[in-house]
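See below for the structure under consideration.
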Amino acid sequence: MGTRRRNHPKIIVVLGPTASGKSDLAVKIAKKFKGEIVSADSRQVYRGMDIGTGKVENESSKKDVFIHQGIIHHCIDIASPKRRFSVAQYQKAAQKSINDILKREKLPILCGGTAFYIKALVEGISLPEALPDWSLRKELNKKNKQELYSMLRNLDPERAKNIEKDNPRRLIRALEIVIQTDKPVPEIKKNYQYNPLFIGTKIDREKLNKRIEKRLDERLKQGMIDEVDKLRGSGLSWQRIKSFGLEYKWLAKYLQKEISYQEMHESLLRDIIKFSKNQMAWWKNDPGIEWIEKNQDALNLVKNFIKK
RNA sequence: GCCGCGGUAGCUCAGUGGUAGAGCGCUUCUCUGAAAAAGAAGAGGUCGUGAGUUCAAUUCUCACCCGCGGCA
């Protein structure tokens with residue numbers, strides 16, 4: 001995830017697969033080193049999605065402050081599930097949060113499982129300014145990937161060289177940029193603004209799978225089905241709810257009586273496990289991450305890191 | 001016990017007289033405003049068992065074993 005920048009402000013990044021104990025560790029670090037937490041989770045940004053996204057409990061009575069165990073959490077509940085949220089919005093929100101934390105002379109602790117969000121923030125990647133244009137996307141979606149690819153080859157041969165030519169979603173985004181800006185897709189620029197310490201919470205596969213299953217059953221008992229039902233009641237379409245994936249997708253199917261409880265449980269468990277493997281794919285070969293098994297090891301790492 | 005249907009990849013199933021395919025799963029990989037998204041590559045099978053016919057059987061024939069349904 002990039003190199004450390006010695007002269008930049010220090011931040012801690014706690015990452016790892018779902019159910020590996022990130023939130024717990026982040027709170028411990030925050031308590032010990034006067035920190036605040038910035039969530040890096042593409043689903044926890046949405047209000048009303050709590051149990052299914054594994055949000056920690058909010059103790060705050062104020063509307064726009066999220067506090068858990070006395071620790072301020074940022075980038076949670078910052079968006080309506082009715083509106084689309086994206087990595088660029090996250091990047092801005094998280095940068096602002098971190099800068100505020102630094103101004104208060106506290107330690108920023110980025111914590112979450114969405115690798116793309118973490119990358120966008122830590123590397124400060126420059127996302128093209130072209131805004132998503134949903135009507136254009138809808139139009140382009142009618143074309144097949146060969147047509148999309150040849151369009152891109154005509155408009156921006158350079159980008160066409162490197163892009164995955166079988167991936168319609170990427171092709172459409174590239175075309176969107178070119179059509180909107182009337183310029184080729186800009187080369188990606190990185191702008192490191194922080195000096196991060198990456199801590200990964202690691203648990204062996206078999207144990208993690210068991211934890212995932214246990215946690216799923218707990219969440220079901222805690223009223224996760226009801227939560228999805230409420231989202232529907234608040235005016236979200238089933239299609240939208242399903243687009244959030246995992247628990248939202250499978251519980252929506254179950255609530256619509258498309259599948260039985262058992263099918264829901266099996267498929268959901270399988271997909272969460274698959275998801276956790278996909279998360280690890282981003283990190284497992286990254287030499288810059290300190291993988292820890294005990295929280296105490298992480299606290300020691302942070303202590304040394306801050307001293308330097 | 002009799003009749004019928006079935007037994008092919010981990011699962012659900014296509015298919016063919018010239019030693020086999022799909023979807024899902026699995027493994028690995030990618031990541032430029034949907035990322036819990038979107039995509040790529042790969043590994044898996046002596047086609048239930050035994051015999052017969054044939055140059056050649058997973059495919060046809062017979063017997064047996066197993067599963068499902070019906071009848072007794």
Side-chain angles (χ1 to χ4, degrees), chain A residues 1 15 17-19 39-46 49 51-55 79 81 83-94 112-121 123-134 136-138 140-141 144-145 148-149 152 156 158-178 180-181 183-191 205 209 212 216 219 228 239-252 263 266-286:
Chain A
M1 277 261 175
L15 50 77
T18 189
S39 164
D41 187 300
S42 67
R43 297 296 182 263
Q44 291 190 359
V45 295
Y46 294 116
M49 292 167 56
I51 302 171
T53 65
K55 270 178 212 167
R83 297 176 172 279
R84 295 186 186 264
F85 190 83
S86 78
V87 64
Q89 284 159 276
Y90 175 77
Q91 199 185 37
K92 284 190 197 102
T114 304
F116 188 35
Y117 283 18
I118 296 174
K119 183 188 162 90
L121 181 81
E123 298 182 358
I125 57 174
S126 58
L127 299 155
E129 68 268 30
L131 293 167
D133 178 344
W134 287 95
L136 175 66
R137 288 184 183 188
K138 208 173 162 188
L140 292 173
N141 248 315
N144 65 37
K145 54 193 184 186
L148 292 169
Y149 182 66
L152 184 65
D156 185 354
E158 277 306 305
R159 177 67 178 127
K161 268 186 205 163
N162 306 317
I163 203 163
E164 278 185 312
K165 58 180 182 300
D166 290 308
N167 195 330
R169 197 163 282 194
R170 299 249 166 84
L171 290 167
I172 287 173
R173 173 58 184 160
L175 286 166
E176 183 176 66
I177 294 165
V178 176
Q180 226 177 102
T181 63
K183 279 185 265 182
V185 177
E187 217 171 289
I188 194 163
K189 286 191 202 83
K190 292 179 180 180
N191 177 22
R205 191 78 246 169
N209 289 354
I212 287 171
L216 171 58
R219 287 180 178 183
V228 177
Q239 192 196 11
R240 175 65 174 155
I241 294 168
K242 284 176 181 171
S243 77
F244 294 122
L246 299 183
E247 4 300 89
Y248 298 97
K249 171 177 156 187
W250 290 103
L251 287 173
E263 282 174 302
E266 276 174 22
S267 305
L268 178 51
L269 180 60
R270 190 202 63 219
D271 272 6
I272 298 172
I273 289 171
K274 203 161 52 160
F275 168 59
S276 71
K277 288 176 184 168
N278 193 239
Q279 288 179 299
M280 281 307 292
W282 285 80
W283 302 314
K284 65 183 172 189
N285 298 322
D286 188 328

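All values below come from the heavy atoms of this structure, side chains included, with hydrogens, waters and symmetry mates left out. If you're wondering where the values come from, they're calculated on a predicted model, not measured in any experiment.
Regarding contacts with the backbone of B:A36, every side-chain N or O of A:Ser243 stays at 4.0 angstrom or more from both OP1 and OP2. Between A:Lys145 and B:A40 there is a side-chain N or O to OP1 or OP2 distance below 4.0 Å. Between A:Arg137 and B:A34, a side-chain N or O to OP1/OP2 separation shorter than 4.0 Å is present. Proximity of A:Arg173 to the phosphate of B:A38: no side-chain N or O atom is located under 4.0 Å from OP1 or OP2. Note on A:Lys284: a side-chain N or O is less than 4.0 Å away from OP1 or OP2 of B:U28.
Listed here is the closest heavy atom pair of A:Tyr149 and A:Leu171: CD1-CD2, 4.0 Å.
Only the P atoms considered, B:C13 is 33 Å distant from B:G52, to the nearest whole Å. Taking the C1' atoms as reference points, B:G69 lies 30 Å from B:A20, given to the whole Å. Look at the P atom in both B:G48 and B:A40: the space between them is 33 Å, to the nearest Å. Nucleotides B:C11 and B:G25 have their P atoms positioned 15 Å apart, rounded to a whole Å. B:G18 and B:U32 have their P atoms separated by 47 Å, with the value rounded to a whole Å. Comparing the same atom, P, in B:G4 and in B:A43 gives a spacing of 43 Å after rounding to whole Å. Separating the C1' atom of B:C47 from that of B:A9 is a span of 10 Å, rounded to the nearest Å. Comparing the C1' positions of B:C3 and B:G50 gives a spacing of 25 Å, expressed to the nearest Å.
Residue A:Pro168 has its side chain nearest to B:G39 when only B:A35, B:G39, B:A36 are considered. When distances are taken from the side chain of A:Ser42 to each of B:G33, B:A38, B:A36, the shortest belongs to B:A36. The side chain of A:Pro132 approaches B:A34 more closely than any other nucleotide in the set B:A34, B:G39, B:U32. Here the side chain of A:Glu164 is nearest to one of B:A38, B:U32, B:A36, namely B:A38. In the set B:A36, B:A34, B:A40, B:A40 carries the atom at the smallest distance from any side-chain atom of A:Asp166. With distances taken from any side-chain atom of A:Arg84 to the nucleotides B:A34, B:A35, B:G33, the minimum falls on B:A34. Checked against B:G39, B:U32, B:A36, the side chain of A:Thr114 finds its nearest nucleotide in B:A36. Listed nucleotides B:G33, B:G39, B:A35 differ in distance to A:Leu127; the shortest reach to its side chain belongs to B:G33. Of the candidate nucleotides B:C26, B:G33, B:A36, B:G33 has the atom lying nearest to any side-chain atom of A:Ala88. Looking at the side chain of A:Lys277, the nearest of the listed nucleotides B:C29, B:C26, B:A34 is B:C26.
Judged as a side-chain hydrogen bond (donor to acceptor under 3.5 Å, both in side chains), and not counting sequence neighbours, A:Thr114 has no contacts.
Per the geometry, CD1 belonging to A:Ile188 stands 15 Å off P belonging to B:U30, to the nearest Å. When the P atom of B:G39 is taken as reference, atom CZ of A:Phe116 falls 16 Å away, rounded to whole Å. Between the C1' atom of B:A35 and the OH atom of A:Tyr46 lies a distance of 10 Å, rounded to the nearest Å. Across the protein-nucleic acid pair, A:Asn141 atom CG and B:G39 atom P stand 10 Å apart, rounded to whole Å.
If A:Arg270 and A:Glu176 are placed on RNA chain B by their nearest nucleotide, the residue sitting closer to the 5' end is A:Arg270.
For A:Asn209 and A:Arg205, the side-chain atoms include at least one donor-acceptor pair closer than 3.5 Å.
Without hydrogens or angle criteria, A:Arg240 side chain to A:Arg83 main chain gives a donor-acceptor distance under 3.5 Å. The main-chain N or O of A:Asp133 is found under 3.5 Å from a side-chain atom of A:Glu176 such that the two form a donor-acceptor pair.
Inter-residue side-chain proximity for A:Pro128 and A:Arg173 is flagged as met; some heavy-atom pair is nearer than 4.5 Å.
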